[in-house]
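The block underneath contains the structure these notes are about, expressed in structure tokens.
Note that the structure is a prediction, hence the values are computed from the model and not measured. Hydrogens, waters and symmetry mates play no part in the numbers below; they use all other heavy atoms, side chains included.
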Amino acid sequence: MGLAPIGHRHSGMQQQPAVLLAVVVAFASAMVLRLGWLQLVQGSENRARADENRIRLVPRHPMRGRVLDRNGQVLVSSALTYNLYIQPRQVDDGRWAVLRPLLSSVIGMAPEQLEAQRRRGDNSEGYRIELASGLRPEQVLRFREQSEALKGAEVDVDYRRSYPFGSLGSHVLGYTSPITAEEYDRLEAKGYRMQDRIGRSGIENAFESHLRGEWGGQQLEVNAAGQVQRVLGDKQAKPGKDLMLTLDLELQKTAEKALAGVRKGAIVAMDPQTGAIRAMASRPNFDPNIFATGPTASQWAALGGPEAPMLNRAFQGFPPASTFKLVTTIAGIESGKYGETSTVPTMNSFCYRGQCYGDHGSFGAIGFPMALAVSSNSFYYQVGLKVGPKELFKAARRIGYGQLTGIELSDEDGEGLLGDEAWKQKVYGKPWTHVDTISSAIGQGPVLVTPLQMARLYAVVANGGFLVTPHVVERPVERRWIGLKAETLRSLRKGLRMVVTEGTATILNDPSLPAVAGKTGTGEDPPRPDHAWFGGYAPAGKPTLVIVAFGENSGGYGGTVAAPMVKALMTTWFRGSQAAEKAPAR
């Protein structure tokens, strides 16, 4: 084989550096172009991705304000709890597919529930998503032991709403629960986050803005192992404000215990001078603590059952029965048809236009005080017929029946019912008759009154004619003079005192109590058992407490079912009180 000419070999060797230079220049140009593309064209996007890899956003829940009774006793607070979170910037769909079954095994939570929580908590800000709350110590321990395999998930301390007395006062205090996606769209502008909880009823709802506080958070720089390198930004959460109620814890406890004797019912205790609520109980009730972690299926079923435990019966209308005779007394004297000393004959059976209406006794010719004391039906049949329906319902409206009371709790959504002439014509298309007047005069017509409305009535008598606004938080409220005649007030006060000393509620004529005044009522509700009422106040001479007790379909009478409840509250309230007036011997 021959050798290449020397000239050709020299030419090839001279071309090699040029080729290498061209290759280097080409690679360098490509690198420059790529770097330019990455930095100039996609620079902002890549910087954001880098930040996502190294920056972790950790929100700080605000601690919700406490709720206190009038003496500073804690009724609602926040307790420390452990919650499970994921960092969405570290957990994409691929990582989630691996992480979800691991978390399910460690925490003992169904994968479907974890998936639902992840979707619910998804947010554009990149804040961590809460997957589970209220973890037990053993769950936290298992997570810590396996944390190396659970990158992107974390367990952290948080706050959980706590009701230390369980179901006590639950209808007044209310409960909180997570906001929905629809609510978030509306509330985001007000500073709410998807992880937020909101007051649903009672005080928690009515004073949401006062109690909730403001979110804070940290912006942390982490390394590839997820370890915190430094704090880039820190905003402390602003706690909500505490709220002091007018409720008295000991009286509330007594009210709840007193209601245990009936299956369903309500009690309202109120300062007759100011309208401050001292106790408000409804039975059956519920434990708001179950909403801290979410009710179970069985708990939801019970809450929505026929007993309606979440219904505040203090705000529901019921037939007032004989307690309405106070209204008929007001109508009789205020109309000018009767005076303070007027008397009306009573009988076992009152007959009018061919129909007879029964009474439980014949008491002779009596006046308003005695008629209240013995709860004479025949007396009030005649008064009702003489004054007529317009005066009856005028008196009812005057003392606040058929109207919302103005209490700050939004759960009061019923005005009761005053089935007057216009109502009957509208609903039944029939004219009013004397039968309607007779039944309405003793509280057995189409009239529904809430226990709270009835408490206002007794407050009017107790405070000398002022219609107060019930409230559970001290604030400026209306106290409106309704202009009752002095003789009307004297007749009512004398009669209500006689109910206790010689009438249908002698159980309250107890020397250990101050002088009590009030009225019983037994409302018919066929075919179900009767309702039982008692409303009253004490001390009779200078009242400081009004109490209305109600047993729904409890059977029995107001004097045997409701009056003992009132006695229990009176005993608690006036125990050891130097201001309590003792009832004079009669």
Side-chain angles (χ1 to χ4, degrees), residues 70-71 246-248 250-252 254-255 267-280 323 326 329-330 333 340 368-369 372-373 399-400 405 452 454-472 474 477-503 505-520 534-549 563 565-586:
R70 63 194 290 262
N71 298 310
T246 61
L247 291 185
D248 184 276
E250 293 306 313
L251 194 65
Q252 183 70 32
T254 302
I267 290 177
V268 175
M270 183 173 75
D271 184 324
Q273 308 302 327
T274 66
I277 299 294
R278 300 305 182 200
M280 182 184 288
T323 62
L326 277 74
T329 297
I330 293 171
I333 300 176
E340 188 175 5
F368 284 102
L372 286 171
I399 52 88
T405 68
L452 187 59
M454 194 173 289
R456 293 179 92 196
L457 164 61
Y458 287 97
V460 165
V461 181
N463 65 31
F466 290 90
L467 189 62
V468 298
T469 301
H471 55 281
V472 291
E474 289 295 359
V477 293
E478 182 184 28
R479 178 178 134 114
R480 178 164 53 88
W481 168 248
I482 64 172
L484 294 180
K485 297 176 182 177
E487 60 181 316
T488 302
L489 288 169
R490 283 194 299 268
S491 296
L492 288 168
R493 287 171 171 172
K494 184 177 180 181
L496 295 182
R497 179 66 185 135
M498 289 173 64
V499 168
V500 174
T501 57
E502 54 194 279
T506 54
I507 188 175
L508 287 163
N509 195 29
D510 189 324
S512 68
L513 295 175
V516 179
K519 180 74 184 76
T520 58
F534 184 87
Y537 54 83
K542 192 176 181 181
T544 60
L545 190 69
V546 160
I547 304 176
V548 170
M565 298 186 206
V566 173
K567 183 176 182 179
L569 271 73
M570 292 281 187
T571 301
T572 295
W573 185 255
F574 294 108
R575 184 189 297 130
S577 171
Q578 298 301 313
E581 299 177 6
K582 299 301 179 182
R586 289 192 180 183

Legend entry - Which residues share a side chain to side chain donor-acceptor pair (under 3.5 Å) with Thr544, sequence neighbours left out: none
Inset, instruction - Please collect all salt bridge (Lys or Arg N to Asp or Glu O under 4.0 Å) contacts where either partner lies in residues 455-470, sequence neighbours excluded, each pair once. - result: none
Inset, instruction - Starting at CG of Asp510, measure out to CZ of Phe574 and round the result to the nearest 0.5 Å. - result: 13.0 Å
Inset, instruction - Taking side chain to side chain donor-acceptor pair (under 3.5 Å) as the test, write out the residues that go with Thr572, two or more places apart. - result: Thr254
Inset, instruction - Can you measure from CZ (Arg497) to CG (Leu492) and round to the nearest 0.5 angstrom? - result: 15.5 Å
Legend entry - Contacts of Thr323 that satisfy side chain to side chain contact (heavy atoms under 4.5 Å, CB included) - sequence neighbours left out: Pro320, Met454, Tyr458, Trp533
Legend entry - salt bridge (charged side-chain N to carboxylate O under 4.0 Å, His left out) involving Glu487 - partner list, sequence neighbours excluded: none
Legend entry - Expected output: side-chain Gln273 to main-chain Pro543 donor-acceptor under 3.5 Å: yes
Legend entry - Set of residues satisfying salt bridge (charged side-chain N to carboxylate O under 4.0 Å, His left out) with respect to Arg480, sequence neighbours excluded: Glu478
Legend entry - Which residues share a side chain to side chain donor-acceptor pair (under 3.5 Å) with Thr329, sequence neighbours left out: Tyr380
Legend entry - Counterpart residues, side chain to side chain donor-acceptor pair (under 3.5 Å), relative to Arg490 (two or more places apart): Glu340
Inset, instruction - Sequence neighbours left out, what passes ring pair (Phe, Tyr, Trp, His ring centres under 6.0 Å) with Phe368? Give chain and number order. - result: Tyr338, Phe379
Inset, instruction - Could I get the full list of salt bridge (charged side-chain N to carboxylate O under 4.0 Å, His left out) partners for Arg278, not counting sequence neighbours? - result: Asp271
